[in-house]
Amino acid sequence: MSLRGVAAIVGAAELPPRRESSGTTTLAMIADVAAQAVFDAGLEPGAIDGLLVGVQVGETPQHVAVTVAEYLGLSPSYAEVVDLGGASGAGMVWRAAAAVQAGMCRTALCVLANTRDPARVPRSPNRNPIREFDVPHGASGANISYALIAQRYLHEFGRAPEDLALVPVIERGHAMLNPDAVFHGQEITVEDVLASPMVSDPLHLLEIVMPCAGGSAVVLTSTDAARSGPHRPVVLRGAGERVTHRAVSSAPVLTSSPLKQAVADACAMAGVTAGDVDVLSLYDCYSILVLITLEDAGLCPPGQAADWLRAHDVSHRGAVTLNPHGGQLSCGQADLAGGMAHVVEAVRQLRGSADGRQHADARLALVTGNGATMGEEVALVLEGGA
Amino acid sequence: MNEPSSRPGPLPNPETVQFWAGLVDGVVRVQRCRSCGAAQLYPRARCRSCWSDRLTWEDAVGDGTVWTWTVVHRPGHAAWQTEAPYAVVVVELAEGPRLTTRWGGDLDVLSVDLPVRVGAQDQDGYRVVVATPTGRNAG
């Protein structure tokens, strides 16, 4: 398999280079050249479902692709930053072709732009809409963002704080079998959660991940090459991605997330439904996210995740297990590595190497990743090899 | 720990300066696309729906509803600690766009879908957006 002949460039544009660009922003220039390239292709913005951007000097260092997607009103099923310096543009082209070949997108926009204003240090005005429009109103940090989501969820579905509190209680219980968890050995009750300090109504301290240090990594090779490795291979069967927004005010809705479509895409590629899965390794930075993710995965109707959790044994002994390692709410969140830890736990379960918390019949796992405020979403379906 | 600095204020740029200038005049302004008619916030150089650059500014009528809200007890920025507990509200304007605002009413009347008015409020030498309950019965 190669990329030979699988994709073609159908639109192109370049802004006339100039020495200075006072009075504009990098995002504005990205929008200008993107519009010219897409219109040159005879397409409308809605046709773009792949987005490749570069690191922008002087601009927001993280959440770069979603910042551009939000600004352009796009909901790509494949989005990333290509950080290869002067090779970024060429590096984007083969990655876009690979994404098209893989079925992760159909039409990709590869865009790079930069301002140059010698009067400014850094040389580009930093367009970070959250910093510009949320922070001056007292809304700094993810705790407030997820509280805004949780508040709307409780109202829309008539749910109670006890429903949110259930999530860390269950996960702490699972962590009793994970000696590596920061909160190993510290079981809690719903009453404990509700008695912990209110951080941002309705979220209490025990519903929020604890920052910690750590790391996690995986190695992939072809399934053919994997057969000669020392472990039972864990095969990627499906993947889905949606990238939409950073700020709560820009979210399409608050009680569901773009993950819904990412899970649907991953399951369709895998040829399974979420109900076929044995291991749910679901991103859990906050209690509310687990409830919404269970609903978006289609395991229960909207608003009923807490009822579903009460009706199912989701420990490693259950038919389907949810975060048997205790999740990030029990393990702590080693920044970005916290999300990769959900992949690693799925690998342990599918290899059959999860020791005291091993699911007896772990064959299929659903892994989710979540970034920003339910706006950077990835779903994977992994299968334990024979 | 660093010393708590002052509260971070607005950072107007060429795309947003008219929004912040509107608050000085006491009004919330939204962008309107002359090509497709969509209204948008936050301000951008192009319409987020059709990518036209034919954008104009208009004064919002000032009516909206609470899309969601929270009362912050432990702020994410240390300079807000003396203010806590305080509310952060996301308002859906009658024109459609949503924006994050301060809250100018009692904390215990906050609820999703509550009708509000939006306007400007002085804060640390600049102006930010504040929502207040209209006083009408919700619903």
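Here is the naming used below: chain letters follow the sequence lines, and residue numbers restart at 1 for every chain. What you are looking at is a predicted structure, and each value in this text was computed from that prediction instead of being measured.
- Looking only at heavy-atom pairs under 4.5 Å with chain A, the residue among B:Val72, B:Thr101, B:Thr68 that has the most is B:Thr68.
- Cation-pi contact between B:Arg32 and B:Trp57: absent, since separation from the ring centre below 6.0 Å together with deviation from the ring axis within 45° is not met.
- The backbone N or O of B:Asp108 lies less than 3.5 Å from no partner atom in the side chain of B:Asp106, so there is not a single donor-acceptor pair.
- For B:Glu83, no part lies near chain A; criterion is any non-hydrogen pair under 4.5 Å.
- B:Gln31 and B:Thr56 are not linked by any side-chain donor-acceptor pair at a separation below 3.5 angstrom, with hydrogens and angles left out of the test.
- With a 4.5 angstrom heavy-atom cutoff, B:Val129 touches chain A via backbone and side-chain atoms both.
- Annotation: B:Phe19 is not in aromatic contact with B:Tyr42 [ring centroid separation under 6.0 Å not met].
- Within the 4.5 angstrom heavy-atom criterion, no atom of A:Leu154 approaches chain B.
- Counting heavy-atom pairs closer than 4.5 Å to chain B, the top residue among A:Ala34, A:Ala142, A:Gly46 is A:Ala34.
- When the candidates A:Ala35, A:Gly141, A:Pro136 are compared by the number of heavy-atom contacts under 4.5 Å with chain B, A:Pro136 comes out ahead.
- Ranked by heavy-atom pairs shorter than 4.5 Å toward chain B, the options A:Ala251, A:Ala31, A:Ser250, A:Pro45 are led by A:Pro45.
- Between the side chain of A:Asp40 and the backbone N or O of A:Ala12 there is at least one donor-acceptor pair closer than 3.5 Å.
- In terms of modelled atom types and a separation under 3.5 Å, the side chain of A:Ser77 and the main chain of A:Asp49 share a donor-acceptor contact.
- Neither the backbone nor the side chain of A:Asn143 has a heavy atom closer than 4.5 Å to any heavy atom of chain B.
- Neither the backbone nor the side chain of B:Arg7 comes within less than 4.5 Å of any heavy atom in chain A.
- With a 4.5 Å cut-off on non-hydrogen atoms, B:Trp69 touches chain A through its backbone and its side chain both.
- Every residue two or more places apart in sequence or in another chain that forms a side-chain hydrogen bond (donor to acceptor under 3.5 Å, both in side chains) with A:Gln328 is listed here: A:Gln333, A:His342.
- B:Cys50 touches chain A through its backbone: at least one of N, CA, C or O sits under 4.5 Å from a heavy atom, while the side chain does not.
- Contact count against chain A (heavy-atom pairs under 4.5 Å) is highest for B:Val71 among B:Val17, B:Val90, B:Val71.
- Residues A:Phe157 and A:Thr255 are in side-chain contact: their nearest non-hydrogen atoms beyond the backbone lie under 4.5 Å apart.
- At a threshold of 4.0 Å, the pair A:Arg246-A:Glu70 does not count as salt-bridged, since none of the basic side-chain nitrogens sits closer than that to a carboxylate oxygen.
- Side-chain contact check for B:Val24 versus B:Trp20: every heavy-atom pair is 4.5 Å or farther apart.
- Taking B:Gln123, B:Gln40, B:Arg46 one by one and counting their heavy-atom pairs under 4.5 Å with chain A, the maximum is reached by B:Arg46.
- Contacts of A:Leu203 with chain B are absent, with no heavy-atom separation under 4.5 Å from either backbone or side chain.
- B:Pro43 touches chain A through backbone and side chain together, each having a heavy atom under 4.5 Å away.
- If you tally non-hydrogen atom pairs under 4.5 Å between each of B:Val128, B:Asp124, B:Val130, B:Val112 and chain A, the highest count goes to B:Val112.
- The distance between the ring centers of B:Trp103 and B:Tyr86 does not fall below 6.0 angstrom.
- Of all the listed residues (A:Pro129, A:Ala28, A:Ala147), the one sharing the greatest number of non-hydrogen pairs under 4.5 Å with chain B is A:Pro129.
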